[in-house]
4 protein chains.
Amino acid sequence: MGLARFIGLSLKGTNGSSRDGARAVERAVSLCRNLLSEPGESGRFASDFWRAYSLFQAPESAHFFDRLGREFSPDPEEVGRCGDAYRREPSTTNLARLLRVVEPSRQELFRRLNTAPGGTRMLVEMRRQLLSENGQHPDWTAIEADLAHLLTSWFNRAFLVLRRIDWHTPPVILEKLIAYEAVHQIQGWGDLRRRLEADRRCYGFFHPALPDEPIIFIEVALVNEMSARVQPLLDPDSPVISPAAAHSAMFYSITNCQEGLRGVPFGNSLIHTVAGELGREFPRLRTYATVSPIPGFVEWLTAESRRQGGPSNATWSSLLGKLEPPRWFEDAQRSAELQRELTPLCAYYLLHVKQGEEPLDPVARFHLRNGARLERINWLGDTSPVGLKRSAGMMANYVYRLRETQRNHERYTRQHRIPAAWQVERLAQESGLARVRAIR
Amino acid sequence: MGLARFIGLSLKGTNGSSRDGARAVERAVSLCRNLLSEPGESGRFASDFWRAYSLFQAPESAHFFDRLGREFSPDPEEVGRCGDAYRREPSTTNLARLLRVVEPSRQELFRRLNTAPGGTRMLVEMRRQLLSENGQHPDWTAIEADLAHLLTSWFNRAFLVLRRIDWHTPPVILEKLIAYEAVHQIQGWGDLRRRLEADRRCYGFFHPALPDEPIIFIEVALVNEMSARVQPLLDPDSPVISPAAAHSAMFYSITNCQEGLRGVPFGNSLIHTVAGELGREFPRLRTYATVSPIPGFVEWLTAESRRQGGPSNATWSSLLGKLEPPRWFEDAQRSAELQRELTPLCAYYLLHVKQGEEPLDPVARFHLRNGARLERINWLGDTSPVGLKRSAGMMANYVYRLRETQRNHERYTRQHRIPAAWQVERLAQESGLARVRAIR
Amino acid sequence: MGLARFIGLSLKGTNGSSRDGARAVERAVSLCRNLLSEPGESGRFASDFWRAYSLFQAPESAHFFDRLGREFSPDPEEVGRCGDAYRREPSTTNLARLLRVVEPSRQELFRRLNTAPGGTRMLVEMRRQLLSENGQHPDWTAIEADLAHLLTSWFNRAFLVLRRIDWHTPPVILEKLIAYEAVHQIQGWGDLRRRLEADRRCYGFFHPALPDEPIIFIEVALVNEMSARVQPLLDPDSPVISPAAAHSAMFYSITNCQEGLRGVPFGNSLIHTVAGELGREFPRLRTYATVSPIPGFVEWLTAESRRQGGPSNATWSSLLGKLEPPRWFEDAQRSAELQRELTPLCAYYLLHVKQGEEPLDPVARFHLRNGARLERINWLGDTSPVGLKRSAGMMANYVYRLRETQRNHERYTRQHRIPAAWQVERLAQESGLARVRAIR
Amino acid sequence: MGLARFIGLSLKGTNGSSRDGARAVERAVSLCRNLLSEPGESGRFASDFWRAYSLFQAPESAHFFDRLGREFSPDPEEVGRCGDAYRREPSTTNLARLLRVVEPSRQELFRRLNTAPGGTRMLVEMRRQLLSENGQHPDWTAIEADLAHLLTSWFNRAFLVLRRIDWHTPPVILEKLIAYEAVHQIQGWGDLRRRLEADRRCYGFFHPALPDEPIIFIEVALVNEMSARVQPLLDPDSPVISPAAAHSAMFYSITNCQEGLRGVPFGNSLIHTVAGELGREFPRLRTYATVSPIPGFVEWLTAESRRQGGPSNATWSSLLGKLEPPRWFEDAQRSAELQRELTPLCAYYLLHVKQGEEPLDPVARFHLRNGARLERINWLGDTSPVGLKRSAGMMANYVYRLRETQRNHERYTRQHRIPAAWQVERLAQESGLARVRAIR
C-alpha cells in the first residue's frame, strides 16, 4: 500500500493469505487496546500500530474499520444511565461522568496515535480513506466524524501559519502546488514560476505538524483593473508589471490540498488574512476581488431544460445546442447573440436558484458566506474547455470590501440576502424568470 | 487587571461601579453567543471578547464563570432523550446526535475564542484562574474540565517541539526559566549562565502557539559518576568539565511552567526524548539518573510520630528533635548517628508507604510511573534549608535504563511493583517496620 | 595566555624556558613559510600556526613580530628595479610586476592565515596586540598597517549586516554589549533590558566571519522632544512610552567593539542606515539627533587656564575651582552662574577650537564629518561623575537632517564650515573670544 | 544592457547618439573621482555610478575601461621616487609611502563601488566583461588584475559558506544549477530532482554578499563500488538506494559558476570540506573518488598524429578513423580492439604528456594538485557524444585518500611526481612510448 511511504517504511514481503490479514488486524486492534490502557504518554505502541496499519490492503482496512466502529463506541447501557442521572440532576459531577462515558474511546485512541512521529499525517490520511468509502459503509461515518471532530480542533486557525509561497519556497512544497492545484492546472515549473513572479502572490496555510504540506493555498494576480477574464492572468508569457502600481488584487484560484481535512473551514480566514497582508504591502490597492468559475450553471440549465413543465424547455434546449460546436465563441455574431441570452440566465442562476436558503452554486455559496458581494458576470471570462463546459465560458467577480464583509456576512447568514451590484440584479430581471426558488 | 498585559493592552480607566461590571459581563456573554452563532471562522468577536475579559476584576470574573457554568452546559432534557435513543438503538446516527447534544457549548466557544491572536495563551490563563479558585467554587469544575479536555488535546505530544536552551536562547525565554524554576531556584543571570555551560544541558518543550513560553523544562548535568549530592551541581563557581568524557547524565531539575496546563502530562516524554538526544550527542554516556528531592519524608515522619499508637512515636519524636538545631549536619558524630537511623526509615517510606496503590511520595510516583528504578538514598544530598526541612537533607537517585523503562513501567502500573536496588530494599528491612501499608 | 580561548584550546603546561620560546617562534615562522609556498588553498598549516601563536607569551610575540617585520617585507633591490622599469615605461606588464614585488609577503600570509577556522578573529586580535604596543615598537607599524589594509577591505560595508538587538537577541551577544558599552556603562541585565524595551532601539553591525561579535552598536531612545539630558534616557525605572507616538529618535550612545578594527570606519554608515530603518518603522519621526558628550571641554579649559599668556587665566582658574565641590550643581544659584559663564566658552570650544582644520573635540569631529549639525548645548545634560568631569555636565545635540547631511558633509570636508544653530553661534560670540584657532 | 537587471533597473529609453554615450562615460568617470575624494563611507555616488554603468553599451564600456586604465594607475614618477627611497632606506615609513603610491587608485575605487547595494555582484560582472575581451585589449589586463586581487581577497575561504543543496533548497538557486552545470548537463527539473535524492549529495559554496548565487558546486553519488561509468549515475530513472549502506562517494561533477571569479581557487577546499561532511554523516564510506572526463586526450592524439615525425602518425590516424562511425562502441569486437590500443595511450597521456612540469590534461592537473591519485582508466565510461568526442568515451577515477592527500600534494607540487595505481603505470608502459615530455 502506498501508505507506507508516509512513514518512510520500506516494506519487505506482503500480506499473503487472508489468514495473515486477519492476524494483522487482530494485532492492530490489540495494539489499540494496549495504547488505551497506558497511563503515560509513551509513544511506542502508537508507532507499532502505524507500521502495522500502513501494511493493510483494502480487506484489512475494511475489517479494521468495522472493529473500530463496533468495539470503540460508547456503551449504550452506561450512556443511558448517565443520561438519566444528568436529566434528573444536572450537576457538575453528573456532567463529568456523562461526558466521560459518552465520548467514544476511539477519540482518546486517535489522540494517542497522534503522538507517534508522523501520526497527524496518518490520521489525516485515515480520514481520507474513510471519506472515500463513506458511501458503501454508512456505519463508518461515526469513525470519520470522530476524526473530523479532532482534526477540526487541531487545525484551529490559531495553529495555522500563513506563509508566502514564492521562488524562494522549497521545491518540496512547490511540487505539491503543481500536484494539487485544481481550479486552473499548473503546466509544469515554467508555468509555476510565472505564477510566483513580482506581480503575483501566492500564500498558503501550514500546520507545524505537517511542515512540508500546504493545507490550502490561494493565488493572486496584482493588476490595474478588475479582471474580466482569467486566461490573461494564466498566460506564462505575459509581461511582469510593477506590483507597486497595481490597484486590484485578483484572487483567481483557491485550493484545498488535504482531502482528509474536507469540511474543516480555512478559506474565509485565508482570504481575509491575505487581503490584510496585501493591503500592508501595497497601500495603493483599492479592489480585492475574485475571478471565479460558476461551476453549476450549465448543469442547472440542462436539468431545467429537461424538467417537465420547466419554464422554457424548448428555448433552453436550443440555447444549449448552440454551445456544442467546438470554439463556437470565435464566431463573433453567435457569441454576441448567446451573450444576450445567457448572461441574464446566469445572473438569475446566481441570485435566485437556491439549495435550501443558499445559492445552488457552490462557489457563490463560499464567497457570499465570507461576506463578498457579487459584482459582475464576465462573458467569455474562461474559454478553456472546462470553462466552456461548466458555465458557457462565463466567470463571476466577487468583491471583498473589507469594511463590508462582516455586515454582508451577517445579512447573508441571518436574512439570506445576497449583496450584488445593481447591474447583476437588472440582468437577472431581464431573464424574465420569477424569483421563485428552485429548491432541490 | 494584570491579564491585560497578555494581549498587549494599555488600559485606561477601570471598571468603576458594580453596575458597570454587570454590564461588562453581560456584554462578554453576548459576545460569546454571537461567536457561537457565527457559521464562519471569523475572529472579530473573539478578539472583542478577550479585550473585555482582560478588564475583568475578581467580581466580574466570578460572575462570568457562573454564567459560563449555567448557560453553556448541555440541556438535561435533550441529553436524556438522546441517551435513551442511543440505549434503545446504538446506531451511528443516534451516536452522532448524542455527541452533538452532550458536548457543552462551552467547548465550541473555547475553540472559537482560541482563534483570536493570543487566544491560546488566554485560555491557559483562564484555566489557571479557575484552578486557583476551585476550592471555593465547586461548580466551576465543569468549566475547568472542559478547558482541560481541550488543552490536553491541543498540547498533544505531536504538537510540542523540543528545543535546547543555552546561551544562544533569547533572554525573553531565559528570564522565564529564572522565574519558573521551582526545584532549585536560579539566583540571577550568573547562576543561569553556569547552568547552560558546556557540561550542562537544558531542554524545554515549546508549543507553536506560545512561541516564547517554555511549557516544561529539564536541567541536566554531565558528570563522571552518578551524583550523590546536588549542591556541587548547582555551584556557580564549579569548573566546567569536558562533556565528551562524561559517563553520567544527571537530571537534577524538572519544572512545569504553566499552571494553566496542570495535569497535562509532559514529563515522561521530555525525559525520554532528552535521554535520546543526549545518547546521540554523547555516545559514552552510560547512566541516566536523577538526583531528586524526597519532599514528603519529614512530613510523614512527623505525622506518624504524632499518631496515636504509631509504631514508635517516642523514638521518632526524639529523632525529629535532633534535626532542629541549625546546621546540625556539621556535627560529624551526630550526623553519622542520624544517618544510621534515618536512611532505613526513608527507604521504608519510599518503598512501602502508599497512597492508594502508589507511593505517597509524589516525586517517587512520577519517576516510577515513567519506568525509572529507585537506585540509592544519599545522606546529606541536599543541605539547603528546604532540603533539610523536607527530607533531613536526603536525596534519591532514580535511574532510567532505557531498555528497562517500558517493562518497569508496565509492572509498576499493573502490579504496583517498585523496581529498586537491593541495597535500598535491605535498608528498608533494617527499619524493622512491617510491610503494611500506611494508607491515607 | 588568554588568547587560547579564542580558538577553544585547552592548554596543558606552559612554555617554560626562553629556549623553548625561541624554538616555538622558529616553528611559527617556518609554518608561515610553508603556508606561503603552498599553491593550494589548504588550511592545515594555518590552523597549526594559530595553535602555536595562541601559546605565545609576551616575549615570543615580540620576537615573532620582529621577524614578521624583517623577513616578510618587500626586497628593496627588487622594488627599486621594478620602480625604475615602471618609471621608464608605465606599461601594464611593468605595473603588474611592480605590484607583485611591492606587496609585503605578509599580506598574502595574512590572507592564508585567515582561511583557518577562527582566522579572521585571530587576525583582528593580532592587530589589537600590535596597536597596543605601537608606541614601544615603531617598526611594527608596517605589520599593523598591512593588517589594517586587509581588515578595511574585508570589513567593507557591503559585507556587514545590520541586525536589530533586542530581548530576543542571544545573550552570547548581549553580554558583549554589557562588556563593551563605554559611553554610558550598562549596569547589569536589568539596565540592559530597559535599554531594549519598546521605546528604545539598538542596532549593530555584524560580520559573517564573527557571528557572535558585534562590530559596532548604537543605542536609540524614541521620545517626544529632542532630549536635553541623558540621565532620563538611562533611568532603568522610567516608564515605557508608545514608540509609535514618538517624534524624536535620540542616538545616545555609539560604541566600537573591536579594538583590533580601530580606524575602520563604520559609524557614519551605521547612523545613516539606522535612521533609514527607523524612518520606515515610525513614519511620525521628525528629528534624528544625538545627545552627545563633549569629552575635551574641561581638559581644554584647564590647559588654557595654565598656558602662559592665555586669554583669561585667572578667571578660568577660578571658574574651574567652582566645579570642584561634589554635587555643586545642586546649588541652584551657583549652577545658574556657572551656566552663564561656561556655556559660551563651550560653544566657542566646539565651533572655534581646532586641531588642524577640524574641531579639537573628537565627538564633534565625528558627527560633523558625518554631515550632522551642532544644534544645542545642554546645561546639566549629564550629571554623572564622568560627565561632570569632562564637560562640567554639559552635553551637545547634533542633528541629522537626512536631506542635508550630504551637503553639510561636503562643506565641512572641503571648506571646513561647521553647520550650527544660530543660538550656538551667538553663544560663542558671547564668550568674547576671538575666532582665532587654538592649534595644537 | 542586460546588466541593468542585476540592480533591478527598469530602463526607459536608450543611449541614442555616440555624443550621449561620451557624456555618459564622462559622467561615470566623474562619479568615480567624487567617490575617491569622499572621506566618509557614503554610498550614494557608488549607486549613481552603477546605475550609469549598467546603461553602457559596448562602445561606452570600452571607452570607460580605457580611461580606467589610463587615469587610475599609479604615477610613474612618484613610484620611481618612492621606490628609490625604499631601496636606499627600507624603513617602515618609506615602505608605507611606497605602498600608498604604488597601489592603483582603481583598487580603492573598486572597494568604494563595492559598498553600494549589489556592488559585489556588479564587480564580479565587470571582471567577467574584462576577461571576455582580454584578447583584444591587452591594456585592460591591469584593471582585470586589480579586480582579481580584490575578489580573491574577498572570496577568501573564511568568508565562504558551505551549504547542502537538496529538494529543500529554494528554486532561485536550483535554477542556477540547471543553467550552470557544464560537465554533465541537467535536463530540466526531473533530472535535477534525481540528482538531489537520498543517495545523491550536492554541496555549494556561497558568499554572504551574493546570497542566491552558488559560487561553485559539486555533485556526489553514494554507491557501493567505485563507479567505472558515469551514465548510470546520471540516469534519472535509476532506483534510489539507501545511502547509509554506501561504501563509495563518487564526485561526478564540479562546476565553477561565476565566470567573473575565474582563477580564484575554490575546488580543492570544496572537495575536502565535502569529503569531511560525508565522512561524518556516513561512517561506512571507504572510498572518495571522482569519475572524471579526460578532456584533452583525443585532441592530443589528433595533434600528434598530424605532427611531422610524430611517434606513429599513420597508426594513430587509422585509430582515430575507427572512432568516426556513430555509435561505434556498440560493435563489441571493434570496441575490444580499440580498448586494447587506446587505453595504454590514454594512460601515457595522463602520466607523461606535460605542459611545463604538470600534465597537459587540465582535469588531471586539478585533481593531482589537490592531492588525489590516478586510480583507474575506464573504457566506455562516458558514451555521451561529448564524452566520445573528447576521450573516445574513456573516463578516469581519481581517488582522494584523506590521509594521503597532503603528502601527495607536496610531492606533486615539489617533485612533480604523479601518484598512480600500478595498473595505470603498467598500461602506460604498454603504450611503448618513451617517457619524454611532449612540451607545448
Side-chain angles (χ1 to χ4, degrees), chain A residues 38-44 69 73-74 76-77 79-84 86-93 95-96 98-99 102-104 111 114-117 119-120 138-142 145-146 149-150 152-154 156-159 161 208-209 265-266 268-269 272 369-371 406 409 413, chain B residues 38-44 69 73-74 76-77 79-84 86-93 95-96 98-99 102-104 111 114-117 119-120 138-142 145-146 149-150 152-154 156-159 161 208-209 265-266 268-269 272 369-371 406 409 413:
Chain A
E38 279 285 287
E41 322 125 55
S42 133
R44 223 192 44 180
S73 290
E77 267 317 303
V79 164
R81 228 177 307 125
C82 292
D84 286 347
Y86 183 69
R87 175 159 42 184
R88 275 196 311 275
E89 189 207 336
S91 68
T92 293
T93 322
L95 177 56
L98 175 65
L99 283 170
V102 160
E103 193 189 79
R111 280 191 288 264
N114 190 48
T115 61
T120 311
D139 42 330
W140 296 356
T141 325
D146 283 331
H149 183 77
L150 284 172
T152 304
S153 188
W154 287 339
N156 187 290
R157 174 67 187 90
F159 306 137
V161 180
F266 305 116
N268 182 12
S269 269
H272 282 92
R369 267 185 210 159
N370 293 345
Q406 186 67 27
H409 162 76
T413 51
Chain B
E38 280 285 287
E41 320 127 53
S42 131
R44 225 191 44 179
S73 291
E77 267 316 303
V79 164
R81 229 176 306 124
C82 292
D84 286 345
Y86 183 70
R87 175 156 46 180
R88 275 196 311 275
E89 189 207 337
S91 69
T92 293
T93 322
L95 177 56
L98 175 65
L99 284 169
V102 159
E103 194 189 80
R111 281 190 288 265
N114 190 48
T115 61
T120 311
D139 43 330
W140 294 356
T141 324
D146 283 331
H149 183 76
L150 284 172
T152 304
S153 189
W154 286 339
N156 187 291
R157 172 70 186 88
F159 307 136
V161 180
F266 306 117
N268 183 11
S269 269
H272 283 92
R369 266 184 210 161
N370 292 344
Q406 185 67 27
H409 161 76
T413 51

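The figures that follow rest on heavy atoms only: side chains count, while hydrogens, waters and symmetry mates do not. Each chain gets a letter, A, B and so on, in the order its sequence line appears, and its residues count up from 1.
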Answer with side chain, backbone, both or neither: which region of B:Tyr86 has an atom nearer than 4.5 Å to a non-hydrogen atom of chain A?
both
Side chain, backbone, both or neither: which part of B:Glu89 has a heavy atom under 4.5 Å from chain A?
neither
Can you confirm whether B:Leu150 sits close enough to A:Ser153 that some side-chain heavy atom of one is under 4.5 Å from a side-chain heavy atom of the other?
yes
Separation between CG (B:Leu95) and CG (A:Asp139), nearest 0.5 Å, reads 12.0 Å
Output the distance between atom NE2 (A:His149) and atom CG (B:Leu99), rounded to the nearest 0.5 Å.
8.0 Å
For chain B, the option from A:Ala209, A:Gly83, A:Ser91, A:Gly80 that forms the most heavy-atom pairs under 4.5 Å
A:Gly80
Among A:Thr93, A:Asn114, A:Val79, the residue with the most heavy-atom pairs under 4.5 Å to chain B is A:Asn114
Portion of A:Pro74 that has a non-hydrogen atom of chain B nearer than 4.5 angstrom:
both
Closest heavy-atom pair and its distance - B:Arg87, A:Arg81:
NH1-N, 3.7 Å
Any sub-3.5 Å donor-acceptor pair from B:Asn156's side-chain atoms to A:Arg111's backbone N or O?
yes
